[in-house]
Amino acid sequence: MNNSSVSGQSVSAEQPPVLEVKNLSKTFEMGRGFKRTKVQALRDVSFNLHRGRALALVGESGSGKSTVARLIMKMYEATSGEINYAGDSILGEKTSTEALAYRRAVQMVFQDPFGSLNPAHRIFHHIARPLLRHGHISDQNSLKDKVFAILRQVELDPEISAFKFPHELSGGQRQRVALARTLAVAAKVVLADEPTSMLDVSIRIDVLNLLKRMKDEQGIAFLYITHDIATARYFAEDIAVLYQGQIVEWGACAKVIDNPQHFYTKLLLSAVPDAHVRFDEVSAEQAFYLHNAEKIRQISAQTSSEIKEVAAQHFIRVHDFSSLNQ
Ligand SMILES: Nc1ncnc2c1ncn2[C@@H]1O[C@H](COP(=O)(O)OP(=O)(O)OP(=O)(O)O)[C@@H](O)[C@H]1O
Ligand SMILES: [Mg+2]
């Protein structure tokens, strides 16, 4: 559990990060004139992604998780802040070679794999195309060998799956194809936005295990966006809890989940049903956070730039909860 760093607090970084997000903010402006409104989707978000490690970005709906991923993908422009890949800023003017190299190195995998697959093309094409565009494929035979090898890496039987269309596969198989494409371009960073939430519960663990192997065996750095604390704990080394665009708590996954320190994280975890505890057996502590939910949210939403290291590899953003009667 070393070389992790989130929110600018480096925790014994042994290797330089692959991707660095520094003080990233994003404000969406909508409407015109009197009807102009602003949504501050992200405030001062910082974290690092490292080779062969996963950072889970957790938070409720609307907290800004996907916005983080879209900014890294350059689908949106940042209002302020920095994003560095392999030590260089990705923002600003780029040559087409640089832009292509970045697009190849940093890939996104979505909740619904259908959206990223072309219904008119067979699976073979989906893997062959990035290989031809980016790879060093010399002839048709080696192309077929390579496509088949990649499909095997994501545990699809190439003889069966390669010549099917996306709609002929199951949801889990389609997500495997989406992951195979990241392997075809030899991605260094994968931003996985709720990659298992649309899949049957029974196959979620298989896809999660595949992600784990991609991380461990290919050394891919993952940003794992999820609502699901249990899968975050299973897959990721590090975690950051996002609330209203601000990371309120971060650090080593086990530390944050087993011993949350920020009131918002405690509230979030209190709301997670514990498989071992009946719902009518909510502890007095859980009851306190649930009872004060509205106030905790209000206070946690305030902008704070004070950061406290509560333990090694464990940080919180400081908010004043003294008005709550404990
Ligand atoms: N293109 C946009 N234009 C205006 N507002 C946006 C846009 N994209 C996101 N937002 C707003 O930014 C905030 C964060 O949205 P985002 O989609 O990042 O949340 P999320 O954490 O991914 O939520 P979910 O768990 O539901 O996917 C929300 O208030 C959302 O309405
Ligand atoms: Mg989202």
Side-chain angles (χ1 to χ4, degrees), residues 5-11 20-31 35-48 55-72 76-83 223 225-227 229 232 238-253 255-272 285-311 313-326:
S5 61
V6 184
S7 255
Q9 303 297 311
S10 203
V11 182
E20 224 178 338
V21 170
K22 272 195 198 167
N23 311 109
L24 195 64
S25 295
K26 175 69 183 172
T27 304
F28 290 105
E29 296 192 12
M30 288 161 298
K35 290 197 176 149
R36 197 179 178 86
T37 54
K38 284 186 179 185
V39 177
Q40 238 190 345
L42 294 179
R43 289 178 281 169
D44 208 15
V45 166
S46 302
F47 59 80
N48 291 339
L55 168 68
L57 186 61
V58 303
E60 60 195 73
S61 190
S63 56
K65 305 181 297 296
S66 297
T67 301
V68 170
R70 292 191 186 117
L71 285 164
I72 297 172
Y76 299 150
E77 233 176 86
T79 306
S80 61
E82 284 175 49
I83 301 171
L223 180 68
I225 293 175
T226 187
H227 282 95
I229 307 279
D238 307 310
I239 190 168
V241 179
L242 193 63
Y243 180 61
Q244 296 220 351
Q246 216 175 197
I247 295 180
V248 294
E249 182 158 1
W250 64 97
C253 219
K255 293 196 176 189
V256 172
I257 294 175
D258 297 346
N259 189 19
Q261 294 297 310
H262 193 282
F263 273 35
Y264 176 75
T265 315
K266 293 188 187 200
L267 170 65
L268 192 70
L269 291 171
S270 296
V272 173
E285 199 193 344
Q286 276 177 310
F288 168 81
Y289 294 106
L290 294 169
H291 179 73
N292 287 291
E294 205 172 313
K295 261 197 149 166
I296 292 174
R297 287 167 183 281
Q298 244 173 41
I299 297 170
S300 305
Q302 291 165 11
T303 300
S304 161
S305 54
E306 191 184 341
I307 285 164
K308 184 173 166 194
E309 182 170 8
V310 289
Q313 300 173 29
H314 191 170
F315 302 86
I316 56 168
R317 197 172 285 277
V318 178
H319 285 105
D320 180 7
F321 292 100
S322 61
S323 62
L324 300 183
N325 299 318
Q326 294 200 56

Residues in salt bridge (charged side-chain N to carboxylate O under 4.0 Å, His left out) with [X], at least two apart?
X    : result
E306 : none
K35  : none
D258 : R233
E82  : none

To the nearest 0.5 Å, what is the distance between [atom1] on [X] and [atom2] on [Y]?
X    : Y    : atom1 : atom2 : result
I296 : K266 : CD1   : NZ    : 9.5 Å
H262 : I299 : NE2   : CD1   : 9.5 Å
F47  : L24  : CZ    : CG    : 7.5 Å
I247 : L242 : CD1   : CG    : 6.0 Å
Q246 : R317 : CD    : CZ    : 4.5 Å
Q298 : S323 : CD    : OG    : 9.0 Å

Side chain of [X], backbone of [Y]: donor and acceptor closer than 3.5 Å?
X    : Y    : answer
S25  : D44  : yes
S46  : N23  : yes
S304 : H319 : no
R36  : E29  : no
Q313 : D238 : no

What's the shortest heavy-atom distance between [X] and [Y], and which atoms?
X    : Y    : result
A232 : C253 : O-SG, 3.5 Å
A69  : I225 : CB-CD1, 3.8 Å
L269 : Q286 : O-NE2, 4.5 Å
E249 : N259 : OE2-O, 4.3 Å
V21  : I72  : CG2-CD1, 4.0 Å

Margin query: Please determine whether side-chain contact (heavy atoms from CB on, under 4.5 Å) holds for the pair V241 and L268, giving the CA-CA distance in whole Å, both sets of side-chain angles, and the decisive distance to 0.1 Å.
Written below: CA-CA 9 Å; V241 179; L268 192 70; 4.0 Å; yes

Can you name the residues that form a side chain to side chain contact (heavy atoms under 4.5 Å, CB included) with [X], not counting sequence neighbours?
X    : result
H227 : S61, K65, E194
T67  : K26, F28, A41, L42, L71, Y76
E60  : Y243, Y264, R297
E294 : none

I'd like to check the side-chain hydrogen bond (donor to acceptor under 3.5 Å, both in side chains) partners of [X]; sequence neighbours left out, ordered by chain and number.
X    : value
S300 : none
Q244 : none
S322 : D320
K255 : none

Check: Taking I239 as the fixed residue, which of V58, L57, T265, T226 is the one that meets the side-chain contact (heavy atoms from CB on, under 4.5 Å) rule?
Finding: V58

Note to self: Please verify the inter-ring angle class for F263 with F321; under 30° counts as parallel, over 60° as perpendicular, anything in between as tilted.
What the structure shows: parallel

Check: Is the shortest heavy-atom distance from the side chain of L55 to the side chain of W250 under 4.5 Å?
Finding: no

Check: Any side-chain heavy atom of L290 sitting closer than 4.5 Å to one from L267?
Finding: yes

